[in-house]
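Residue numbers begin at 1 in each chain, while the letters A, B, ... track the order of the sequences.
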Amino acid sequence: MTEKAGKVRAAASEIGERRHGAACLTTEVAKQRRVRPLQRARARLRRERGWYRAGCACVLWGRGRFSFQGAKARGRADEMKMGRDGMAEMAKAYDPEPVEARWYREWMRRGLFGAEPASGTPYCITIPPPNITGSLHCGHALNNSIMDCLIRWHRMSGDNTLCLPGTDHAGIATQAVVERQLASEGLTRHEMGRAAFVERCWKWRSEYGDRIIMQLQRLGCSYDWSRTRFTLDESYVDAIYEAFLRWWDRGLIYRGARVVNWCPRCASAISDIEVSAEERQGHLYHIRYPLADGGGHVVVATTRPETMLGDTGVAVHPDDERYSRLVGASVRLPLTDRVIPIVADEFVKMDFGTGAVKVTPAHDLDDFEAGLRNNLEQIKVIGDNGTMTDAAGERYAGLDRFACRERVLEDLGAQGLLVASEPYTVKIPRCDRCKTVLEPLLSEQWFVRQQELAGPAIEAVESGRIRFHPERYARIYLDWMRNIRDWCISRQLWWGHRIPVWWTEDGRYAAGRNVEDAAQRLGVCASSLRQDEDVLDTWFSSALWPHATLGWPRASEDLGFWYPTSLLSTAQEIIYLWVARMIMTGLDFVGEIPFDDVYIHATVLDENGERMSKSKGNGVDPLDMVERYGADALRFSLLQQAGKNQDFRFNEERVRLAKAFMNKLWNASRFVIGTLDGTDDDERCRARAVLAAGATAVEGEPGSEPRSLWDRWILSRQQAAIETVSAGLASYDMDDAARAIYAFVWDEFCDWYLEVAKIQLRDERLARGTRAVLVHVLDTTLRLLHPMVPHITEEIWAALHGALGSEAGDDMTLMTTAYPTAIATLVSAAAEDDAGFLMEVVRGLRNLRAEFGIAPGMRLSAQAVPASRAQGLLFSDNAVAVEGLARLSRLTIAEVRPSTGEGWVSVSVAGAEAALEIGAALDLGKERERVAKELAQAETERERSAARLGNPQFVQKAPAHVVEKDISLLAEHEERIKRLRSKARALAGD
RNA sequence: GGGCGGUUGGCUCAGUGGUAGAGCGCCUCGUUCACACCGAGGAGGUCACUGGUUCGAAUCCAGUAUCGCCCACCA
């Protein structure tokens with residue numbers, strides 16, 4: 001026995017129901033043995049203990065024995081087999097694993113993901129390239145479900161569709177993981193040297209770089225893998241150097257000494273937007289700086305006392321009268337031997353702290369700028385590795401910055417210069433990548449001027465050429481763009497694109513395509529040049545993604561055909577880092593926007609509404625979900641939640657439900673396909689013709705069969721579903737689309753039409769027509785669903801073709817057929833109205849049955865509907881009507897006959913009444929109660945309508961249809977109340 | 001400090017002016033050939049709060065509370 005089976009047994013034992021199985025027992029037996037409580041207990045355990053989370057299908061069988069069915073074993077046993085006659089033999093329960101693997105291989109084998117830039121309407125997505133360090137996380141799973149859904153939808157809709165995938169070298173991230181790997185071997189990159197380290201990174205890439213690609217394939221993504229790009233590919237590097245040189249030649253790239261965000265662990269500058277601030281409880285220290293002339297002191301406030309060692313001035317506001325006489329004077333900087341000036345500068349806030357600020361130009365951006373304005377010295381007291389430099393003084397040099405803080409506080413305290421320390425909330429900037437506390441640090445970096453590039457990028461969004469979805473993100477983008485600051489593009493890393501600038505020995509430099517080019521520009525010999533040590537920010541390469549992957553700077557056919565691309569779908573956290581920059585580079589280099597639409601998808605949170613992160617360990621591995629529930633179920637559950645929302649909680653339950661939906665679809669299809677068994681060649685041939693012609697075929701079907709009300713109803717409802725789904729996909733409301741198709745399949749097709757079909761199939765006159773409708777509706781449903789859940793739909797579609805003996809089936813795939821469009825002639829308000837009425841009748845009867853506990857064998861007469869509606873609407877004759885009503889309401893009904901009025905148990909339905917003659921079986925007390933309740937409700941509703949209609953304002957101002965509705969409601973209520981009152985009287989008389 | 005999003009039945013979420021919805025969970029019932037990963041029925045909500053606009057507000061406006069996200073150089 002496996003460990004899991006043991007768990008099942010142990011848990012079942014705990015709930016005291018060891019002896020009983022559930023699934024194989026009849027309800028009666030189950031009741032006797034109290035199995036229902038077991039089922040509930042099992043469900044509870046499943047929730048509480050997370051059995052299914054462990055990948056365990058927990059099935060308890062009867063006969064006093066337990067057996068465990070692992071997903072794999074079940075899959076093998078149930079895999080679909082094709083019978084000799086080509087009829088599909090579909091397993092009772094859908095098992096995604098073999099199906100998904102088989103179809104993905106098949107699509108690949110047939111080369112269906114590729115595209116050629118030839119003719120047609122172009123549709124293109126270049127996917128956000130995942131990091132080569134990565135493995136699929138929930139954000140990827142969501143985004144790629146969305147993109148693949150849209151890609152497949154456009155492909156089926158006839159667009160010339162390309163989805164171009166790729167991966168990102170991810171400078172800092174990859175370097176960090178490789179360094180970690182080295183550390184575990186007791187090595188550092190410095191010991192290895194640059195060349196060997198880069199070699200090692202390439203090795204990492206070849207081992208792990210494509211892992212995420214395989215994971216995307218597991219998800220079912222239909223991307224053109226033959227065009228897969230990597231940001232360090234040779235041709236991609238060409239694009240990067242081309243971009244760099246063009247900007248260089250226009251003077252947009254410059255070198256400068258600035259205070260930048262420095263990550264001591266990465267030993268590199270990082271850009272402002274790669275900083276994440278974290279609030280912490282800290283202190284605000286008040287420190288006394290004695291005046292140099294000995295006549296008093298100034299008190300400054302700071303949260304970072306260790307930086308005082310690098311102070312080169314104290315600033316006060318020019319209007320601050322408290323200090324005006326001190327401006328121009330000097331203070332003696334404690335713990336050092338320096339005398340520094342007091343200056344006036346408007347950046348000081350008079351009402352904060354003491355109104356006097358210590359100025360540390362080398363370690364604070366504000367202070368840096370204030371320092372420039374006031375000619376203050378820049379003294380770097382914290383080094384690149386986060387320890388104090390020699391400039392900090394002998395007593396502090398070499399100390400870690402945090403240790404130094406403690407020592408400075410001690411020393412100040414000892415000298416009586418620490419005036420106060422109050423609790424204070426401080427913002428601690430951390431490195432997005434490694435979470436190390438950042439150090440603002442003066443250093444020489446390369447920058448790109450942004451002002452000039454931002455203008456057109458702002459215009460493109462303002463003018464609506466690029467549209468954000470949801471729209472609110474356009475403003476966020478614009479606000480940032482309008483206040484854009486120069487972009488620090490250099491990183492002190494080894495893994496990445498080395499900056500194409502070469503230096504002479506005497507400190508001159510120039511950019512070039514290569515060293516010779518640079519040498520020529522500098523007019524020196526190439527051998528004397530040294531290339532800049534820094535690499536480019538990873539986002540520099542990503543910024544070129546849409547056009548560079550399509551072949552830029554070459555004027556490639558791909559670029560000509562698919563650029564501008566159609567859509568960028570990404571996470572909101574990289575609007576600035578990536579989206580904004582792609583827009584700038586696209587406009588600047590290609591002269592055209594990079595994409596028409598930007599869709600910002602929701603952030604996936606954990607079950608408690610918190611962000612998923614590795615450090616918190618609350619991440620959900622999408623591949624686990626794929627293994628347990630299938631890729632289709634995962635995709636569908638994510639799409640159900642992919643609308644215009646900012647975030648949503650990941651809920652495994654929803655994946656399970658999506659899997660149940662897959663199973664429902666599977667079994668409904670199994671039924672439909674089963675009905676084709678025994679049909680003649682002529683009928684199959686016609687059904688095949690319908691499928692081959694696609695969605696438009698039904699109406700033109702030659703010599704079409706008689707259509708029942710229900711046939712017309714389901715066809716009409718399907719058109720509505722098609723409309724909603726298409727509209728949802730078109731407006732990036734995937735949630736609406738998913739909901740609509742879910743409701744159509746489950747609530748309408750399965751719950752009603754299939755049940756009706758069972759009856760119609762027994763009527764010779766309706767059987768053929770019913771089968772045609774079943775096949776058509778199923779086929780259309782599969783097409784409609786395919787973009788969301790490609791594998792299962794493809795599998796069922798193949799089975800459908802197999803059942804129809806389609807010879808063409810071998811070469812055809814669902815993914816290459818046409819997407820359904822709504823057919824106006826199939827829409828029938830009358831059918832929807834009539835069917836809606838009958839559904840209400842049936843629901844009423846079911847309700848009676850449940851309320852009164854009518855036993856299945858009890859013979860009843862039903863007088864259901866007005867003759868006008870019953871005849872030819874419900875079913876073609878009385879015998880079928882009896883069966884239909886009986887079956888749909890799950891009652892044994894002997895006959896259906898016209899109403900005679902009194903003495904019946906009634907179901908009130910809008911505009912009519914259905915009734916059951918139950919006679920002695922009826923508990924009159926219960927019925928009295930029920931009628932009274934219904935009467936009370938009807939009266940309340942009547943009052944509500946009456947009150948509205950009694951209000952002249954309402955009648956005058958509300959739209960006509962609203963008033964009319966109330967008028968007809970009122971009449972209905974009156975009628976109903978009359979009936980109920982007479983019934984109540986009759987019951988009271990008994 | 002600024003901006004944005006959320007707050008709807010026990011849970012997860014739909015619902016942008018006309019009598020509150022779904023799924024799960026809960027309660028009752030169900031052995032027939034699509035499906036127990038199922039079917040039928042039921043209970044359960046004064047839509048965070050306050051005010052306003054309107055004949056009518058979950059929905060629009062203003063404010064409050066609360067949770068979350070993004071941005072920001074108050075040491």
Side-chain angles (χ1 to χ4, degrees), chain A residues 22-31 39-40 43-44 47 57 90 92-94 273 277 284 300-304 307 315 347-349 351-354 356-360 364-367 369 426-427 440 470 472-473 475-476 479-480 483 572-573 575-576 603 605 607 609-611 640-641 643 645-649 651 653-654 656-657 659-675 735-736 739 742-743 747 750-751 754-755 758 843 846-851 853 856 889-890 940-941 944-945 948 951-959 961-963 965-966 969:
Chain A
C24 64
L25 301 177
T26 65
T27 302
E28 202 48 41
V29 175
K31 210 189 305 182
Q39 285 176 322
R40 285 189 197 120
R44 202 170 302 131
R47 284 197 308 281
M90 296 168 74
K92 197 168 174 182
Y94 175 64
I273 33 190
L284 184 64
V300 299
T302 181
T303 56
R304 302 198 53 204
T307 62
F347 91 107
V348 180
K349 309 276 181 293
D351 53 0
F352 186 88
T354 61
V357 186
K358 57 191 274 311
V359 183
T360 323
D364 183 281
L365 187 62
D366 269 344
D367 291 7
E369 284 164 4
V426 291
K427 301 240 165 67
R472 60 176 181 269
Y473 290 112
R475 235 192 72 197
I476 293 180
D479 284 349
W480 186 77
N483 297 302
Q572 72 161 290
E573 62 192 12
I575 291 177
Y576 310 130
T603 305
L605 305 174
E607 294 192 341
E610 289 182 39
R611 244 198 152 75
Q640 275 180 306
Q641 295 168 94
N645 41 338
Q646 179 175 280
D647 46 44
F648 65 82
R649 300 182 186 202
N651 190 320
E653 183 68 8
R654 287 187 92 124
R656 215 194 91 224
L657 297 172
K659 190 188 172 195
F661 179 53
M662 297 302 109
N663 195 55
K664 187 78 178 172
L665 176 70
W666 177 258
N667 276 292
S669 307
R670 204 155 69 93
F671 170 76
V672 173
I673 290 168
T675 64
D735 52 348
D736 290 346
R739 252 193 304 279
Y742 182 96
D747 302 344
C750 292
D751 285 355
L754 289 190
E755 293 308 316
K758 287 171 188 169
R843 278 193 206 103
R846 284 168 173 171
N847 180 280
L848 278 184
R849 176 188 154 273
E851 296 262 302
S889 59
R890 285 169 187 265
T940 321
E941 284 174 14
R944 230 185 278 176
S945 287
R948 266 198 299 273
N951 180 350
Q953 299 268 42
F954 172 75
V955 179
Q956 195 186 329
K957 293 186 180 172
H961 72 272
V962 174
V963 178
K965 194 180 163 197
D966 260 318
L969 267 177

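Look at A:R656 and A:E653 and you find a salt bridge, because one of the NZ, NE, NH1 or NH2 atoms lies within 4.0 Å of a carboxylate O, short of that distance.
With C1' as the reference atom, B:G15 and B:G9 are 15 Å apart, rounded to whole Å. Taking the C1' atoms as reference points, B:A62 lies 41 Å from B:C26, given to the whole Å. When the P atom is compared between B:U12 and B:G17, the two are found 27 Å apart, to the nearest whole Å. Nucleotides B:U31 and B:G23, compared at atom P, are 23 Å apart to the nearest Å. Distance check on atom C1': B:U8 versus B:A14 gives 10 Å, rounded to whole Å. To the nearest whole angstrom, the two C1' atoms, one in B:C47 and one in B:A22, are 15 Å apart. Across the C1' atoms, B:G5 and B:C24 are found 26 Å apart, a figure rounded to whole Å. On the C1' atoms, B:A57 is 15 Å away from B:U50, given to the nearest whole Å.
Of the candidates B:C38, B:G41, B:A75, the closest approach to any side-chain atom of A:R843 belongs to B:G41. Among the nucleotides B:A72, B:C24, B:A75, the one closest to any side-chain atom of A:E653 is B:C24. Nearest to the side chain of A:N645, among B:C35, B:C37, B:A14, sits B:A14. For A:Q572, counting side-chain heavy atoms from C-beta on, the closest listed nucleotide (B:C69, B:C35, B:A72) is B:C69. Out of B:G23, B:C35, B:G68, the shortest distance to the side chain of A:N663 is found at B:C35. When distances are taken from the side chain of A:R475 to each of B:C69, B:G3, B:A40, the shortest belongs to B:G3. With B:G5, B:A34, B:G41 as the choices, the nucleotide that has an atom nearest any side-chain atom of A:K758 turns out to be B:A34.
With rounding to the nearest 0.5 Å, the separation of CD in A:E610 from CG in A:D647 is 12.5 Å. Once rounded to the nearest 0.5 Å, the distance linking CD of A:Q641 with CZ of A:R654 reads 4.0 Å. The OG1 atom of A:T360 sits 11.0 Å away from the CG atom of A:D366 when rounded to the nearest 0.5 Å. Considering CZ of A:F347 and CG of A:D367, their distance stands at 5.0 Å, rounded to 0.5 Å. One finds the CD atom of A:Q572 at 5.0 Å from the OG1 atom of A:T603 (value rounded to the nearest 0.5 Å).
Counting any heavy atom pair closer than 4.0 Å across all strands shown, A:R611 reaches sugar-phosphate atoms only and no base atom. Among the protein residues, A:V672 comes within range of no part of the nucleic acid, since none of its heavy atoms lies under 4.0 Å from any strand. Residue contacts shown for A:Y473 are absent, as no nucleic acid heavy atom lies under 4.0 Å away. Residue A:D751 is classed as a sugar-phosphate contact, given heavy-atom separations below 4.0 Å to backbone atoms only. Here A:L657 lies in heavy-atom contact (under 4.0 Å) with sugar-phosphate atoms only.
Atom P of nucleotide B:A14 and atom CD of A:Q640 are separated by 11 Å, given to the nearest angstrom. We find that CZ of A:F661 is positioned 24 Å from P of B:U12, with the value rounded to whole Å. Counting to the nearest Å, the P atom of B:C11 and the CG atom of A:L605 are 18 Å from each other. Between A:D747 atom CG and B:G23 atom P the separation is 7 Å, expressed in whole Å. Protein atom CG of A:D647 is 11 Å distant from nucleotide atom P of B:G68, rounded to whole Å. With rounding to whole Å, A:Y742 atom OH is found 13 Å from B:C35 atom C1'. Rounded to whole Å, the distance from CZ on A:R654 to P on B:U12 is 11 Å. One atom, CD of A:E755, and another, C1' of B:A40, lie 11 Å apart when rounded to the nearest Å.
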Can you run through RNA chain B from 5' to 3' and write each base as (, ), [, ], | or . depending on how it pairs? Watson-Crick or G-U wobble, both distances under 3.5 Å. ((((((((.[[[[.)..(..]]]].(((((.......))))).....[[[[[..)....]]]]])))))))....
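Applying the 3.5 Å distance criterion, the base of B:C35 shares no donor-acceptor pair with the side chain of A:K92.
For the OP1/OP2 pair of B:C73 and a distance below 4.0 Å, the side-chain nitrogens and oxygens of A:K349 include no atom meeting the criterion. Listed pair A:N847 / B:G42 meets the phosphate criterion, a side-chain N or O lying under 4.0 Å from OP1 or OP2.
A:V962 has its side chain within reach of A:F954: a pair of non-hydrogen atoms, C-beta onward, lies under 4.5 Å apart. For the pair A:R670 and A:K92, the minimum side-chain heavy-atom distance is below 4.5 Å.
With RNA chain B read from its 5' end, the first of the two nearest nucleotides for A:D479 and A:C750 is the one closest to A:D479. Between A:K358 and A:E573, the residue anchored closer to the 5' end of RNA chain B is A:E573, taking for each the nucleotide with the nearest heavy atom.
Relative to the six-membered ring of A:F671, A:K758 meets both conditions, a distance below 6.0 Å and an angle of at most 45° to the axis.
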Each nucleotide N or O in nucleotides 15-20 of chain B that has a protein N or O under 3.5 Å away: list the pair and distance.
from: B:U19; atom 1: O2'; to: A:R944; atom 2: NH1; distance (Å): 2.9
from: B:U19; atom 1: O2; to: A:R944; atom 2: NH1; distance (Å): 3.0

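Of all heavy-atom pairs spanning A:Y94 and A:N663, the tightest one is N-OD1, 3.0 Å.
For A:R948 and A:N951, the side-chain atoms include no donor-acceptor pair closer than 3.5 Å.
For A:Y576, the ring pair (Phe, Tyr, Trp, His ring centres under 6.0 Å) partners are A:W480, not counting sequence neighbours.
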